[in-house]
Amino acid sequence: MTEQQRASEEAAQADEGRAGSGPVVTEGTVEALVRTKLAEALGGKRGMVETAIPTLTFTISYIASSELRLSIMLGVGAALLLGVLRLVQRSSVQYVITSLFGIGLAAVFAMRSGNAEDAFLPGIIYNAVYAVVLSISVLVRWPAIGLMIGPFIGNKEDFTSWRSNPAVVKLASRLTWLLVLPCVIRVVVQYPLWLAASNEWANTFALLGLSKVAMGWPLQVAAFAGMVWILARGRTPLENGVTEAGATKDGTAADTGQAGSDQRDQ
């Protein structure tokens with residue numbers, strides 16, 4: 001084995017050792033990056049439950065009592081209780097704060113109009129705007145998922161370098177469309193329910209509350225599963241100039257699998 005080959009193999013082994021401390025760009029770690037970022041956005045299983053509890057508390061209490069103020073207080077109280085529990089356990093309150101903000105905004109809408117169904121209007125508006133913004137990001141070839149993972153898979157000095165790779169842009173666009181889909185479904189289902197309740201065509205308040213919970217994290221998890229499926233289907237090659245897994249500092253490729261095998265054969 002030549003000195004250059006030995007140095008290349010050592011670099012490959014070093015890269016494997018650093019895999020746990022920083023992102024190395026491979027087909028597998030792109031999937032892991034998306035998994036991590038989506039898990040952060042959803043807050044994991046506990047974060048998703050904490051998001052649902054205040055809405056369920058508000059919905060159930062209003063159905064039982066028809067008291068808007070009491071129902072709002074119970075919903076806010078549930079969010080605060082979850083926050084206190086997080087503080088006692090010394091864990092992050094980020095997702096509880098998000099939940100508290102959501103139930104607080106819903107309370108403002110409902111108290112201002114005096115109609116309980118208006119508590120769900122901010123969520124409908126949010127999903128509509130979110131769907132439009134994400135769709136525009138894809139249409140102008142700046143897909144949101146690409147912006148999220150771009151700094152990890154491109155030139156570290158230029159986080160937009162991933163856009164020079166059409167395959168990466170195409171992949172990021174597909175993943176972004178999967179984020180748009182849940183938002184569209186929520187608006188399509190919940191807006192007619194809100195409209196019916198707001199105009200007193202039908203009593204759809206309970207359906208609104210249940211649809212908000214059922215179409216919250218379950219739809220996000222379904223979208224996430226679709227992303228994993230797309231990422232697992234095949235390889236998206238990286239163009240030259242983008243740092244690949246196992247690259248040495250001087251630019252020499254040191255693929256941890258094939259390169260090591262070739263060197264051993266020599």
Side-chain angles (χ1 to χ4, degrees), residues 38-39 41-86 93-135 178-226:
L38 286 177
L42 293 171
K45 293 180 180 179
R46 181 173 177 178
M48 291 185 284
V49 170
E50 288 173 341
T51 302
I53 286 177
T55 299
L56 275 176
T57 302
F58 167 74
T59 302
I60 294 173
S61 60
Y62 185 78
I63 292 173
S65 67
S66 297
E67 292 291 336
L68 179 59
R69 187 178 297 274
L70 173 64
S71 301
I72 290 174
M73 290 177 62
L74 289 174
V76 173
L80 290 174
L81 184 61
L82 292 170
V84 171
L85 184 60
R86 282 275 193 173
V93 297
Q94 175 184 349
Y95 306 105
V96 175
I97 291 176
T98 300
S99 176
L100 185 60
F101 176 78
I103 194 69
L105 187 60
V108 170
F109 273 68
M111 293 299 295
R112 184 175 181 180
S113 66
N115 299 319
E117 61 271 9
D118 285 350
F120 302 103
L121 189 56
I124 296 172
I125 295 173
Y126 168 82
N127 279 281
V129 173
Y130 198 59
V132 170
V133 171
L134 290 180
S135 298
L178 281 174
L179 287 184
V180 172
L181 186 59
C183 297
V184 173
I185 293 175
R186 292 182 191 120
V187 173
V188 168
V189 172
Q190 294 174 13
Y191 180 70
L193 292 174
W194 172 83
L195 199 61
S198 181
N199 290 282
E200 299 182 351
W201 298 336
N203 185 6
T204 57
F205 177 82
L207 291 175
L208 263 174
L210 292 175
S211 66
K212 183 174 178 62
V213 174
M215 295 184 174
W217 62 264
L219 276 184
Q220 291 301 120
V221 170
F224 166 64

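Basis for what follows: all heavy atoms, side chains included, without hydrogens, waters or symmetry-related copies. Just so it is clear, the structure is predicted and the values come from calculations on it, not from any experiment.
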Suppose the criterion is ring pair (Phe, Tyr, Trp, His ring centres under 6.0 Å): which pairs have a residue in residues 59-81, not counting sequence neighbours?
Y62-F205
Which atoms form the tightest heavy-atom contact between A110 and I72, and what is the distance?
CB-CD1, 4.1 Å
Of the non-hydrogen atoms in I63 and A206, which two are nearest, and what is the gap between them?
CD1-CB, 3.5 Å
Is there a side-chain contact between T59 and L210 (heavy atoms, below 4.5 Å)?
no
Quick check: closest heavy atoms across T57 and A78, and the distance to 0.1 Å?
OG1-CB, 3.8 Å
So CG of L134 and CG of N127: to nearest 0.5 Å the spacing works out to 10.0 Å
Looking at every heavy atom in both P54 and I103, which two are closest together, and how far apart are they?
O-CD1, 4.1 Å
Under 3.5 Å, sequence neighbours excluded: what are the donor-acceptor pairs made by side chains of residues 113-125?
| residue | atom | partner | partner atom | Å |
| --- | --- | --- | --- | --- |
| S113 | OG | F109 | O | 3.2 |
| S113 | OG | N115 | N | 3.2 |
| S113 | OG | D118 | OD2 | 2.4 |
| D118 | OD1 | W194 | NE1 | 2.9 |

To the nearest 0.5 Å, tell me how far S65 OG sits from I60 CD1.
11.5 Å
Rounded to the nearest 0.5 Å, what separation is found between the CG atom of L208 and the CG atom of N203?
10.0 Å
Got a second to check how far I185's CD1 is from L219's CG, nearest 0.5 Å?
5.5 Å
Taking all atoms of both residues into account, what is the closest heavy-atom pair of K212 and Q190, and its distance?
CA-NE2, 3.5 Å
Correct closest heavy-atom pair for A128 and V187 would be N-CG2, 3.6 Å
